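Keep in mind that this is a model prediction, so the values were computed, not measured. Side-chain atoms are counted along with the backbone in the values below, which use heavy atoms only and exclude waters and symmetry mates.
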Amino acid sequence: MLRIRNLKCFYGRIQAVKGVSLSVEAGEMVTLIGANGSGKSTLLQSICGLMNGWQGDIRFEDRSLKGLDPPRIVRRGISLVPEGRQIFPPLSVRDNLDLGAYTLHRQGRKQEVRETLERVLTLFPVLRERARQAAGTLSGGEQQMLAIGRALMARPRLLLLDEPSMGLAPKLVSRILGTLVTLREEGLTILLVEQNARAALQVADRGYVFETGQVVLQGSAGELLEDEDVKRAYLGRDYGDFYDGKA
Amino acid sequence: MVRPSLHNLVPYAFFVVLVGSAGLWVDNPYYFQILSMIGIHALLALALNLLMGYAGQISLGHAAFYGIGAYASALLSARYGLSPWLALPCAMLAAGLVALVVGYPTLKLSGYYLGMGTLGIGMIVFIVFREWSSVTGGASGFVGIPPLGLGGRALLDVRSYYFLVWAVVLLALCGSQRLIRSRVGRALRSIHDSEAAARAVGIPTSRLKLQVFVLSAVMSAVAGFLYAHMVGFISPDTFSFIVSVKLVTMVVIGGMASIWGALLGAALLTLLPEVLHAFAEFEMVVYGLILMTVMIFLPQGLTRGILDIYALRRRQSERAARPAD
Ligand SMILES: Nc1ncnc2c1ncn2[C@@H]1O[C@H](COP(=O)(O)OP(=O)(O)OP(=O)(O)O)[C@@H](O)[C@H]1O
Ligand SMILES: [Mg+2]
């Protein structure tokens, strides 16, 4: 469904992604794990058209995404849940969700917007309760649900998430990741970027390990969870361990 | 989209009654001129408010579009004998095209840089008005702009002109409100809040910013048209940098992101100099002091400030009515 070949991204002279190839098949949940600054967000931004001037090849459903702007990529069926949520704090929860459906509204697909809104509000009932409240007044976990809900409002076939567990307590992390499992079961394809490697590998089918802009390891989630290098580098001192008091 | 509820209609009813009764009651050409001027400024403030208050894009050169509207209409009607009513769409088109051409590169800027960029546009257009004397009449101005008539003959008297101006303001008010409450208005507010986030969601931010900039310029051109044919004479000074700054002040004083605030700001800043004539050479000092006071005590602008005070009073009286607490 998504096929990236030899992707290179630059910030001026700094190369943040150094020839990455990866793929996501329809119906899969794939996770991308790696340390800070390894280029995970940069990769997601290239897929969404938020990075200009990347080299290589990104194909979605066998069509190149080169040169497309973010609105067109959303229309192709890819939505991003950005790093740090990036909701619109002064706007109401409902407005935030409606903004996610901007392209659908534009095409006059009102019925679909209504259905999708209903689906999102069923998925996250707390958003229904808070619909008229300013999004900035939500708790961190609720804001993350809103960010995911907003992305779903565009009715994507591929959902990209950039560290949705960031800053959340373990209970909320499992709640969020649990939702992703549900979505995947409903047929959504997911590419999940995470630093919380253990949690991500527990829900994903496959994983890629990123290091300084390159894929250093890939495999099924089970394999990666057992891999000695991964264990040492990413699973040893996990957020979960901090919270559980094991670290 | 917008269901006309009673709550929404009250301010409009108030507006219509106020404008209507003032129009019937006033009987002095000088007052009519001032009231019409308030309307023209209100139109400009509404235009700028869409750009600044809602989309969050500052323009320090909006007098340029006001001027383009005025000069284009003046030229076409006075020099080429076109009916002003046909000159109007041409003037709107001219301002819209200029906005499109300069807005495309300028709106890639943000914050201070956008301020500087639009400032530059204002300056350039001002210099063109002043230096291109063969066309614009240069610094001494452009004279002999025909007044407006209806049906080709009857010229509008000051009272009818006043009603014309305020009818246009009413139209702009309704239009702005509709736009703001629509899907597009919501997207504009999201750009104001965080352009990066809006882009990430797939909102066509560049295109929307350009569209609202062009719309704002076209509305300003209508104000220029109304001004030129009301006064019959225009000169570059009417469209200078100072005027651009005054327009920004109207929006800020009235309250950003509030259409009624734009109206209030325009009224205040148009009336203030008239009232302050009494202070003679201290006029500008008092003017500045008043603006400073408003900004210090009501930093959100007059509309928000007044609404907040009102809400506070009501809460207080509610508390007073419940002695048990
Ligand atoms: N706007 C920018 N300008 C210059 N360099 C940047 C910019 N954004 C990111 N970088 C650099 O690119 C590299 C990759 O950054 P990126 O944000 O993709 O990493 P990441 O894997 O998402 O990290 P994290 O886990 O902290 O979010 C980093 O070295 C970073 O410093
Ligand atoms: Mg990142």
Option in Val81(A), Asn96(A), Leu99(A) with maximal non-hydrogen atom pairs under 4.5 Å from chain B | Leu99(A)
Begin with the C-alpha distance, continue with both residues' side-chain angles, and end with the deciding distance and a verdict on ring-ring contact (aromatic ring centres under 6.0 Å, His included) for Phe14(B) and Trp260(B).
-> CA-CA 12 Å; Phe14(B) 187 69; Trp260(B) 299 103; 8.8 Å; no
Ignoring hydrogens and angles, state whether a donor on the side chain of Ser244(B) or His62(B) is under 3.5 Å from an acceptor on the partner side chain.
-> no
Would you confirm whether Glu28(A), through its side chain, and Val30(A), through its main-chain N or O, come within 3.5 Å as a donor-acceptor pair?
-> no
Polar contact flag, side-chain donor to acceptor under 3.5 angstrom, Ser176(B)-Tyr54(B) | no
Heavy-atom nearest pair, Ala217(B) first then Ala95(B), reads O-CB, 3.8 Å
Spatial distance of atom CG (Leu104(A)) from atom CZ (Arg183(B)) [nearest 0.5 Å] = 10.5 Å
Would you call Phe210(A) and Ile33(A) a side-chain contact if the rule is heavy atoms closer than 4.5 Å?
-> no
Carboxylate-amine/guanidinium proximity below 4.0 Å for Glu195(B) and Lys209(B) = yes
The complete set of ring-ring contact (aromatic ring centres under 6.0 Å, His included) pairs with one or both residues in residues 176-214 of chain B, sequence neighbours excluded, reads Phe65(B)-Phe213(B)
By residue number, those in residues 55-79 of chain A with heavy atoms under 4.5 Å from heavy atoms of chain B are Pro70(A), Pro71(A), Val74(A)
Does the side chain of Arg175(A) come under 3.5 Å of the side chain of Thr179(A) through a donor N or O and an acceptor N or O?
-> yes
If only atom types and distance count, is the side chain of Ser220(B) paired as donor or acceptor with the main-chain N or O of Leu44(B) below 3.5 Å?
-> no
Most contact-rich option vs chain A, by heavy-atom pairs under 4.5 angstrom, among Arg207(B), Arg189(B), Arg199(B), is Arg199(B)
What closest approach, in Å, do Val201(B) and Gly100(A) show between heavy atoms, and which atom pair accounts for it?
-> CG1-CA, 3.7 Å
Got more than 12 heavy atoms from elsewhere within 6.0 Å of CZ, Arg119(A)?
-> no
Highest number of heavy-atom pairs under 4.5 Å with chain B among Thr103(A), Asp98(A), Leu80(A) belongs to Asp98(A)
Which members of residues 83-92 of chain A, sorted by number, sit under 4.5 angstrom from chain B on a heavy-atom basis?
-> Gln86(A), Ile87(A), Phe88(A), Pro89(A), Pro90(A), Leu91(A)
In sequence, state the C-alpha distance, the side-chain angles, and the governing distance for Arg186(B) and Ser190(B), and then conclude on side-chain hydrogen bond (donor to acceptor under 3.5 Å, both in side chains).
-> CA-CA 6 Å; Arg186(B) 193 159 53 214; Ser190(B) 80; over 6 Å; no
Among residues 124-161 of chain A, residues within the sub-4.5 Å heavy-atom range of chain B, in order of number, are Arg150(A)
Is chain A contacted by the side chain of Ile191(B), its backbone, both, or neither, given a heavy-atom distance below 4.5 Å?
-> neither
Just checking, Lys8(A) and Phe10(A): is the charged tip under 6.0 Å from the six-membered ring centre and within 45° of the axis?
-> no
For chain A, find which of Ser194(B), Ser206(B), Ala200(B) contributes the most heavy-atom pairs closer than 4.5 angstrom.
-> Ala200(B)
